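The shown structure was predicted, so the numbers you read here are calculated from the model rather than taken from an experiment. Numbering of ligands and ligand atoms starts at 1, following listing order.
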Amino acid sequence: MRMLIMGPPGSGKGTQGKKVAVDFGIPVISTGAIFRANVANQTELGKVVSKIMEAGDLVPDTVTVQLVADRLAQSDTAPGFLLDGFPRTVAQAESLDQILDTLDVSLDAVVRLVVDAEVLVQRMLKRAEIEGRADDNEETIRRRFEVYLAETKPLLALYEERGILVEVDGMGTVEEVHDRILAALKK
Ligand code: AMP
């Protein structure tokens with residue numbers, strides 16, 4: 001199973017991605033998590049990306065695409081992989097196609113978690129309160145949601161055209177959403 005999971009910040013994408021990856025016995029490849037680990041370990045890559053991440057900007061494609069290419073070339077991806085946070089742009093999607101072509105494989109499914117914006121904003125506000133994150137006010141949360149929708153729209157159209165887009169209702173408990181994803185993937 002070679003797949004992507006897509007969903008806005010706060011949609012439970014990370015949680016669901018990990019569960020589905022366990023089900024299929026495949027690694028999760030989260031570009032955000034890899035970048036954060038490099039920042040925490042103060043690697044060369046971490047030094048390059050830390051300021052960019054702090055500003056909330058996207059890391060340049062040359063860096064991100066190379067990282068994904070290297071990661072996908074590792075042997076643990078033989079049974080498949082679940083990409084989380086990549087691709088984020090059509091250019092990245094095209095680069096991913098090239099990487100997969102080189103490896104002689106292709107994508108099987110793109111799971112999109114569909115969530116209600118209002119519920120999501122309320123959920124994230126609660127989380128911000130618990131974690132004491134001052135930057136997570138209603139306005140920035142709404143803005144991030146809007147930016148996400150604008151960014152991913154062309155990607156979703158691309159994968160829908162290919163017939164591999166799987167839309168799943170992302171509202172409900174972790175188990176409910178997980179069951180829906182598995183049922184949708186079986187089809
Ligand atoms: P995330 O955890 O997916 O929200 O990613 C956290 C940060 O890592 C983003 O705000 C970007 O700075 C960077 N990042 C993660 N994935 C990508 C990507 N596909 N392209 C560019 N930057 C990325």
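Among Leu58, Leu96, Asp57, Val68, the residue whose heavy atom lies closest to atom 12 (O) of ligand 1 is Asp57. Among Gly32, Ala91, Gly85, Ser50, the residue whose heavy atom sits closest to atom 19 (N) of ligand 1 is Gly85.
The side chain to side chain contact (heavy atoms under 4.5 Å, CB included) test with Leu82 is passed by exactly one of Ile5, Val22, Asp23: Ile5. With Leu4 as reference, Leu83 is the one residue of Asp108, Leu83, Val166 to meet the side chain to side chain contact (heavy atoms under 4.5 Å, CB included) rule. Screening Thr152, Leu149, Val115 against Pro8 for a side chain to side chain contact (heavy atoms under 4.5 Å, CB included) leaves a single residue, Val115.
In the vicinity of Thr31, heavy-atom distances shorter than 4.0 Å reach the ligand 1 atoms 15 (C), 16 (N), 17 (C), 19 (N). Within ligand 1, the atoms closer than 4.0 Å to a non-hydrogen atom of Thr64 are 18 (C), 19 (N), 20 (N), 21 (C), numbered from 1 in the order shown. Ligand 1 places these atoms under 4.0 Å from at least one heavy atom of Phe86: 19 (N).
Nearest non-hydrogen protein atom to atom 1 (P) of ligand 1 is Arg88 NH2, 3.4 Å. Shortest contact from atom 2 (O) of ligand 1 to any protein heavy atom: Arg36 NH1, 2.9 Å. Protein heavy atom nearest atom 23 (C) of ligand 1, with residue, atom name and distance: Phe35 CE1, 3.9 Å. Closest to atom 7 (C) of ligand 1, if we only count protein heavy atoms, is Met53 CE, 3.7 Å.
The nearest pair of heavy atoms linking Tyr148 to Met6 is OH-C, 3.5 Å. Closest approach of Arg88 to Gly85, counting heavy atoms only: NH1-O, 2.8 Å.
A salt bridge is defined here as a Lys NZ or Arg NE, NH1 or NH2 lying under 4.0 Å from an Asp or Glu carboxylate O, and Glu139 with Arg142 fails to meet this definition.
Taking any N or O of Gln92, backbone or side chain, at least one lies under 3.5 Å from an N or O belonging to ligand 1. For a threshold of 3.5 Å applied to N or O pairs, the pair formed by Ala33 and ligand 1 contains no separation below that value. On a distance-only criterion, Val59 and ligand 1 share at least one N/O pair closer than 3.5 Å.
Under a 3.5 Å cut-off, the side chain of Asn41 and the backbone N or O of Thr43 do not form any donor-acceptor pair.
For Glu175, the CD atom is densely surrounded, since the number of other residues' heavy atoms within 6.0 Å is greater than 12.
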